[in-house]
Amino acid sequence: MDAEEVLLRMTAENIFNTTEEERIKGKLTRSEKNEQLLDILPSKGEKAYKIFKETLQEVHPHLANIILQLETTSIPQEIKNSIIHEFLVSEEGFTEDCTILTHLNQIEVAVS
């Protein structure tokens with residue numbers, strides 16, 4: 001995920017204030033920026049999360065699609081949150097949607 005591009009669009013929606021934006025941009029690596037954005041996002045509420053998903057759909061549609069797929073699984077919410085967090089923070093990102101969805105299906109079967 002490109003936190004700065006996501007941040008730019010979300011700041012235009014008044015989701016993040018200047019201090020939060022500076023905290024995110026002040027991180028050195030892409031992973032740290034993603035981590036900071038995701039650490040702040042939960043405190044912004046459901047509307048912010050909805051805008052975040054819409055922003056991802058515009059900026060990184062493959063990431064948004066994977067999150068939507070994950071949200072429809074019967075995997076416990078705590079595990080979903082952890083997967084989404086690790087997935088979005090990753091430096092490499094996930095480029096193989098089919099591989100990710102296969103793993104999600106395997107996790108869903110395992111926890112059922």
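This chain uses plain numbering: 1 for the first residue, then up along the sequence.
- Summarising the geometry of A3 relative to L37, their closest heavy-atom pair is O-CD1, 3.8 Å, with the distance given to 0.1 Å.
- How far CG of L8 is from CD of E13: 11.0 Å, rounded to the nearest 0.5 Å.
- Comment: E54 engages K50 in a salt bridge, judged by a side-chain N to carboxylate O separation of less than 4.0 angstrom.
- Rounded to the nearest 0.5 angstrom, D39 CG and N34 CG are separated by 10.5 Å.
- Nearest heavy-atom pair, T19 versus N17, reported as atom, atom and distance to 0.1 Å: N-OD1, 3.1 Å.
- Other residues, nucleotides and ligands place no more than 12 heavy atoms under 6.0 Å from the NZ atom of K27.
- Using a 4.5 Å heavy-atom threshold, the side chains of E20 and R23 count as touching.
- Using a 4.5 Å heavy-atom cutoff, the side chains of L38 and F52 are in contact.
- Heavy atoms only, all atoms of each residue included: F16 and L41 are closest at CZ-CD1, 4.4 Å.
- Between A48 and M10 the shortest heavy-atom distance is O-CE, 3.5 Å.
- There is no path of hydrophobic side-chain contacts, each under 4.5 Å, that joins L68 to Y49.
- Transitive grouping of hydrophobic side chains (ILVMFWY, heavy atoms separated by less than 4.5 Å) brings L7 and I40 into a common cluster.
- In terms of hydrophobic clustering, with Ile, Leu, Val, Met, Phe, Trp and Tyr side chains grouped at heavy-atom distances under 4.5 Å, I67 and V59 are assigned to different clusters.
- In this structure, the separation between OG1 on T55 and CD on Q57 is 10.5 Å, given to the nearest 0.5 Å.
- When atom types are taken as modelled, the side chain of Q36 and the backbone of E32 share no donor-acceptor pair closer than 3.5 angstrom.
- Nearest heavy-atom pair across D2 and H60 is N-NE2, 3.0 Å.
- Residues K33 and K25 have side chains not in contact (no heavy-atom distance under 4.5 Å, counting atoms from C-beta outward).
- To the nearest 0.5 Å, atoms CD1 (I24) and CD (E35) are separated by 11.5 Å.
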